[in-house]
Amino acid sequence: MVLGVDEQLAILTAGAVDVIHEAELRKKLERGQPLRAKLGLDPSRPDIHIGHAVVLQMLRRFQELGHVAVLIVGDFTAQVGDPSDRSSTRPALSKEEADANAATYFEQAGRILLPENLEIRHNSEWLGAMGIADVLRLAARATVAQMLARDDFERRYKEGKPISIMEFLYPLLQGWDSVMVRADVELGGTDQLFNNLMGRTLQEQEGQEAQVVLTAPLLEGLDGVQKMSKSLDNYVAITEPPATQFGKLMSIPDTLTTRYFSLASGASPAEAQDFAEQARAGTLSPVEAKRAMARRIVDAYQGEGAGEAAEAEFNRVFKSHDVPTDLPEHTLESAAAVDGQIRLANVLQQAGLAKSNAEGRRLITQGGVRIDGEAITDPDATYVPADLDQVVIQVGRRRWVRIRT
RNA sequence: GGGUCGGUACCCGAGUGGCCAAAGGGGGCGGCCUGUAAAGCCGCUGGCAACGCCUACGUUGGUUCGAAUCCAACCCGGCCCA
């Protein structure tokens with residue numbers, strides 16, 4: 001460990017919303033031993049997005065200072081599912097699905113984390129071995145009143161919304177993870193504060209030193225209002241094509257430009273502040289600032305220069321109104337043709353540009369469909385499949401497919 | 001276990017025998033504007049080779065020419081009592 005305790009403290013807590021407690025972290029650092037910094041990941045959704053990146057970058061700083069990043073795959077809990085947001089948000093996964101997701105997860109996390117100083121654990125390792133008696137003993141450690149202290153629970157309780165007993169168990173299980181891996185520090189989004197604090201309680205009850213809890217700000221999604229999440233489809237995945245990332249980043253509300261820059265680009269606090277200042281002063285216009293932000297973020301995950309290339313592509317498509325260089329292709333299913341003719345609405349549907357035939361018809365009627373740049377407005381338009389070979393169909397402003405027969 | 005209120009489309013929420021594929025809002029989508037921003041305006045928003053048919057108002061069964069609406073049983077949730 002080359003750096004002094006004060007310097008480490010400053011680096012590790014930079015950007016954190018909550019630090020509970022700084023004095024404890026200092027004490028841990030003073031021992032000069034590598035700390036174990038835990039981060040739990042939910043493998044029910046495979047894509048890592050730039051919102052996750054905020055906390056992953058914090059974790060990386062621990063690694064860079066010689067501490068150990070302990071990633072916990074919540075494979076056990078993922079297999080049980082989570083009733084909190086009504087079935088759909090977190091469906092129960094099979095062991096295979098959870099494993100498969102976890103695998104891609106780490107491949108992605110690897111774009112941010114260092115391969116060394118990394119420990120990966122699955123919580124099925126210990127949770128799967130617990131019997132009912134163990135679970136009951138764990139459940140006895142917290143009270144209903146304590147659980148209702150979590151704002152999310154309190155709100156739902158007041159609103160008369162259902163809260164399952166199982167949900168009360170989750171914070172305890174996550175806290176138990178901390179006990180099992182002997183975490184010194186736990187990272188997470190601000191929405192994880194309550195759960196991570198539970199880890200402290202349990203560790204102390206087990207005679208361990210309580211983990212320090214650091215929370216990272218939650219990044220707003222593309223809509224600018226709700227937090228970035230896969231289920232709301234308002235995210236920028238760290239592995240999607242650079243051009244897509246750039247485009248999505250350009251679509252965020254102006255008010256979030258500096259926030260994205262400082263949270264998702266991996267820029268140093270000083271750099272982020274400098275950027276914010278320029279934007280505020282008007283040295284950078286809102287569009288220029290946003291472009292700079294988008295370039296910076298694409299670079300961060302795709303490599304130096306990727307941002308510029310993505311911007312060039314962006315200009316090509318949205319300034320020159322050209323067709324993108326890379327576009328998905330769809331081979332027509334000949335079976336869909338009737339008497340040698342195929343309906344455009346049907347083509348849209350099979351190419352994934354419309355969810356149904358009916359939606360395809362609606363899009364056409366509304367003037368949202370173009371074939372090689374020419375708007376088609378007849379919902380009953382039909383074609384001979386061969387005539388559609390190599391044709392580019394555009395739906396709306398940003399979706400294209402090249403047709404093959 | 002008893003009482004009571006409730007379960008409607010992606011979400012919230014009206015509708016309490018035919019005029020209901022179901023008001024209104026949110027969200028989403030398309031168009032105009034534009035900087036793939038915001039604000040604004042207009043339109044669409046169950047499915048089906050489609051002026052008709054099918055499916056859908058928790059589930060199942062019933063009453064009726066006709067049910068989201070009435071009846072019965074069941075399932076699920078909130079609250080009160082035990």
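A, B, ... follow the sequence lines: proteins, then strands. Residue 1 opens every chain.
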Item to check | Touch class at under 4.0 angstrom, heavy-atom based, for A:Ile252 against every strand present | outcome: sugar-phosphate
Item to check | B:G17 pairs with, by Watson-Crick or G-U criteria that keep both distances under 3.5 Å | outcome: none
Item to check | Nearest-nucleotide pick for A:Phe318, side chain only, options being B:A37, B:G77, B:U36 | outcome: B:U36
Next on the checklist: Would you measure the distance from the P atom in B:C57 across to the matching atom in B:U8 and give it in whole Å?
Outcome noted: 11 Å
Item to check | Nucleotide paired to B:U36 in any strand shown, Watson-Crick or G-U, under 3.5 Å | outcome: none
Next on the checklist: Heavy atoms from C-beta onward define the side chain here; which of B:A37, B:G78, B:C79 lies closest to that of A:Tyr157?
Outcome noted: B:C79
Checklist entry - With a non-hydrogen cut-off below 4.0 angstrom, is A:Arg291 in contact with a base, only sugar-phosphate, or nothing? => result nothing
Next on the checklist: Using the C1' atom as the point on both nucleotides, what is the distance between B:C32 and B:G78, in whole Å?
Outcome noted: 47 Å
Next on the checklist: Within the 4.0 Å heavy-atom criterion, would you say A:Arg370 contacts the bases, only the backbone, or no part of the nucleic acid?
Outcome noted: nothing
Next on the checklist: Just to be sure I understand the rule, does A:Arg398 reach a base, reach only the sugar-phosphate, or reach nothing, if contact means heavy atoms closer than 4.0 Å?
Outcome noted: base
Checklist entry - Hey, does the side chain of A:Arg156 come within less than 4.0 Å of B:G78's phosphate (OP1/OP2), counting only N and O? => result no
Item to check | Phosphate-side-chain proximity, A:Arg362 and B:G47, N/O vs OP1/OP2 below 4.0 Å | outcome: yes
Checklist entry - Say you draw a straight line from CZ of A:Arg182 to CG of A:Leu35; how long is it, rounded to the nearest 0.5 Å? => result 14.0 Å
Next on the checklist: Taking the ring of A:Phe318 and the ring of A:Phe314, is the distance between their centroids below 6.0 Å?
Outcome noted: yes
Next on the checklist: Quick check for you: among B:G30, B:G31, B:A49, whose closest atom lies nearest to any side-chain atom of A:Thr382?
Outcome noted: B:A49
Checklist entry - Rounded to whole angstroms, how far apart are CZ on A:Arg397 and C1' on B:C33? => result 10 Å
Item to check | Note: A:Arg155-A:Asp151 ion pair, threshold 4.0 Å (strictly below) | outcome: no
Item to check | Whole-Å distance separating the CZ atom of A:Phe246 from the C1' atom of B:G35 | outcome: 12 Å
Next on the checklist: Pairing check on B:C70: which nucleotide meets the Watson-Crick or G-U wobble criteria with it, both distances under 3.5 Å?
Outcome noted: B:G62
Item to check | Pairwise 5' ranking along RNA chain B for A:Glu159 and A:Ser356, keeping only the more 5' one | outcome: A:Ser356
Item to check | Side chain proximity check, A:Leu219 to A:Lys227, heavy atoms < 4.5 angstrom | outcome: no
Checklist entry - Considering only the C1' atoms, how many Å lie between B:C71 and B:A22, rounded to the nearest integer? => result 23 Å
Checklist entry - Any idea which of B:A49, B:U36, B:A50 is nearest the A:Phe314 side chain? => result B:U36
Checklist entry - What is the distance, rounded to the nearest whole Å, between atom CZ of A:Arg361 and atom C1' of B:U45? => result 15 Å
Item to check | Spacing of A:Tyr260 atom OH relative to B:A37 atom C1', expressed in whole Å | outcome: 12 Å
Item to check | Euclidean distance for C1', B:G27 against B:A9 (whole angstrom) | outcome: 13 Å
Item to check | Pairing of A:Arg156 and A:Glu167 as salt bridge, 4.0 angstrom limit | outcome: yes
Item to check | For atom CG of A:Asp378 and atom C1' of B:A50, their distance in whole Å | outcome: 14 Å
Checklist entry - B:U36 C1' sits how many Å from A:Lys290 NZ, rounded? => result 8 Å
Next on the checklist: Please report the distance separating the C1' of B:C11 from the corresponding atom of B:U45, rounded so that it comes out in whole Å.
Outcome noted: 14 Å
Item to check | Heavy-atom donor-acceptor pair, A:Asn357 side-chain to B:G47 base, under 3.5 Å | outcome: no
Checklist entry - Nearest to the side chain of A:Arg399, which nucleotide is it out of B:U36, B:G30, B:A49? => result B:G30
Item to check | Rounded distance in Å - CG (A:Leu344) to C1' (B:G30) | outcome: 15 Å
Checklist entry - Do A:Gln366 and B:G31 have a side chain to base donor-acceptor pair shorter than 3.5 Å? => result no
Item to check | Counter-base of B:U45, judged by Watson-Crick or G-U geometry with both distances under 3.5 Å | outcome: B:G27
Next on the checklist: I'd like the C1' distance from B:A56 over to B:G7, given in whole Å.
Outcome noted: 15 Å
Checklist outcome for this item: The Watson-Crick or G-U wobble partner of B:G1, with both key distances under 3.5 Å, is B:C81
Item to check | Lys/Arg-Asp/Glu bridge criterion (N-O < 4.0 Å) met for A:Glu119, A:Lys38 | outcome: no
Checklist entry - Do A:Lys230 and A:Asp47 sit within salt-bridge range, that is, some charged N less than 4.0 Å from a carboxylate O? => result yes
Item to check | Identity of whatever pairs with B:A50 - Watson-Crick or G-U, under 3.5 angstrom | outcome: none
Checklist entry - Over how many whole Å does the gap from A:Lys319 atom NZ to B:U34 atom P extend? => result 14 Å
Checklist entry - How far, in whole Å, is B:G6 from B:G58 if one measures between their P atoms? => result 13 Å
Next on the checklist: Need one value for A:Gly367: base, sugar-phosphate or nothing, where a base atom within 4.0 Å counts as base even if backbone is also close, heavy atoms only.
Outcome noted: sugar-phosphate
Checklist entry - On a whole-Å scale, what distance lies between the C1' atoms belonging to B:A68 and B:C81? => result 33 Å
Checklist entry - Just checking, is any N or O donor in the side chain of A:Glu186 or A:Ser178 under 3.5 Å from an acceptor N or O on the other one? => result yes
Checklist entry - Taking the nucleotide of RNA chain B with the closest heavy atom to each, which residue, A:Pro286 or A:Leu363, is nearer the 5' end? => result A:Leu363
